[in-house]
A.B. asks: 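There's a structure below that I have some questions on.
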Amino acid sequence: MTARRPRILAIDDTPANLLMVGAALGRDVDLQVATSGRKGLAHATACPPDLILLDVMMPGMDGYETFGRLQDDPLTRDIPVIFVTAENSPDDETRGLDHGAADFISKPINPAVLRARVRTHLTIKRQGDLLRSMAFVDGLTGVANRRQFDETLEIEWRSCRRTASPLSLAMIDIDHFKQLNDAYGHQAGDACLKAVASVLKTGMERPRDLIARYGGEEFVCLLPDTELTGARDKTEELRQAVQQLRISHVTSGVAPMVTPMVTMTLTISIGVATVIPQAELTAEGLVAAADSQLFEAKRSGRNRTCSVAFGQAKP
Ligand SMILES: [Mg+2]
């Protein structure tokens, strides 16, 4: 695997210092430079770097103020910052560390020290990024996990409320999953979860569409800017795609036959709810509405989609 070159942003009002940093770090890094705090912030938000080298003494917005603004922005808050302090200024060093800087380097810059500190903090940053991404992914299926779903739902709820756009949510449940586990064992159950997750994920074509594992054999799909009819069409596509996997599934007691073992194809049931978010409604309410439609889909025979416009008076 070839990792991309780490992106480093150096902010310093003295161009000679930036040249020195460039010479010390060489071609192993992708170096961006800015000659003021303001320009540095613009760079950092436009294309968040992996690490920032920040001069403390700058006219206008100094290093501390620049750092404070980086901390205030969720987009740049987690980027490690190494303060570059003037010679013999232990106060600056402790002040920077107290404020949450990753480290400091004092001037005149020693190239070997700079390289070593940068390497260390890039490693820590990479490990942190990896942990953060793992914290949002379901280990078995590789789709988003419940936590990422909860956070994304909050964000999309607010976004659709601002723009008065429809937000659709689909609860998806594998039919007769317990029987599959009982008949074929948990490994087969896991393989089935992975296969279904993969089909559902492939079906998410727009960047904001999200598929997540909600728990057990239940998945949830979030479709922002999607009307009820659009959501129904999408979930019907997903339902048919899962059916076309043709995973054979043994179940028992499918009415009216009471034959103990009936071979059938693996299917999913889906409950859809669509809302234009408003003050008197909640995201939890939308989830509950989709859940009750899922219950309805199960009750009326499974392998189908039931849907509702949430928050609208029934005609
Ligand atoms: Mg300076």
Side-chain angles (χ1 to χ4, degrees), residues 1-136 151 155 158-159:
M1 195 183 83
T2 53
R4 66 170 174 80
R5 286 190 303 164
R7 245 194 317 269
I8 295 180
L9 172 63
I11 307 172
D12 197 309
D13 62 303
T14 310
N17 290 339
L18 294 171
L19 285 173
M20 215 150 85
V21 167
L25 296 179
R27 290 175 185 278
D28 293 343
V29 306
D30 175 3
L31 182 69
Q32 307 277 313
V33 298
T35 51
S36 72
R38 209 166 292 281
K39 287 179 191 162
L41 287 175
H43 264 296
T45 43
C47 182
D50 298 301
L51 178 74
I52 295 175
L53 294 168
L54 181 58
D55 182 25
V56 171
M57 298 262 283
M58 291 188 291
M61 193 189 294
D62 69 4
Y64 295 121
E65 191 184 344
T66 308
F67 181 66
R69 300 221 182 169
L70 288 166
Q71 295 277 290
D72 286 344
D73 187 341
L75 206 61
T76 53
R77 191 162 44 204
D78 296 323
I79 303 171
V81 172
I82 299 180
F83 272 117
V84 182
T85 62
E87 201 176 1
N88 297 325
S89 57
D91 286 353
D92 281 347
E93 289 161 7
T94 50
R95 187 173 161 198
L97 293 174
D98 280 350
H99 280 69
D103 211 338
F104 67 86
I105 294 171
S106 48
K107 289 177 186 172
I109 292 169
N110 174 325
V113 170
L114 175 68
R115 277 194 293 274
R117 297 267 165 90
V118 163
R119 200 163 41 234
T120 300
H121 289 288
L122 285 175
T123 303
I124 296 170
K125 166 77 164 33
R126 243 190 320 269
Q127 288 164 346
D129 286 350
L130 184 65
L131 279 176
R132 262 191 296 279
S133 72
M134 281 163 62
F136 288 100
E151 292 197 6
I155 292 166
R158 282 197 298 265
S159 163

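When reading the values below, keep in mind they use all heavy atoms of this one structure, side chains included, and skip hydrogens, waters and symmetry mates. Start at 1 and go down the list; that is how both ligands and their atoms are numbered.
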A.B. asks: First locate atom NZ of Lys39, then atom CE of Met58, and finally report the distance between them rounded to the nearest 0.5 Å.
C.D. replies: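 The NZ atom of Lys39 sits 11.5 Å away from the CE atom of Met58.
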
A.B. asks: Yes or no on side-chain contact (heavy atoms from CB on, under 4.5 Å) for Asp55 and Ile11, after CA distance, side-chain angles and deciding distance?
C.D. replies: CA-CA 6 Å; Asp55 182 25; Ile11 307 172; 5.9 Å; no

A.B. asks: Rounded to the nearest 0.5 Å, how far does CZ of Arg117 lie from CD1 of Ile82?
C.D. replies: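 Ile82 CD1 to Arg117 CZ: 7.5 Å, rounded to 0.5 Å.
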
A.B. asks: For the pair Asp50 (side chain) and Arg7 (backbone), establish whether a donor and an acceptor sit closer than 3.5 Å, ignoring hydrogens and angles.
C.D. replies: yes

A.B. asks: Spell out the protein N/O/S atoms under 2.8 Å from the Mg ion (ligand 1) as residue plus atom name.
C.D. replies: Asp13 OD1, Asp55 OD2, Met57 O

A.B. asks: If you compare all heavy atoms of Gly40 against all heavy atoms of Leu9, which two are closest, and at what distance to 0.1 Å?
C.D. replies: O-CD2, 3.4 Å

A.B. asks: So which atom in Phe83 and which in Ala101 form the shortest heavy-atom distance, rounded to 0.1 Å?
C.D. replies: CD1-CB, 3.3 Å

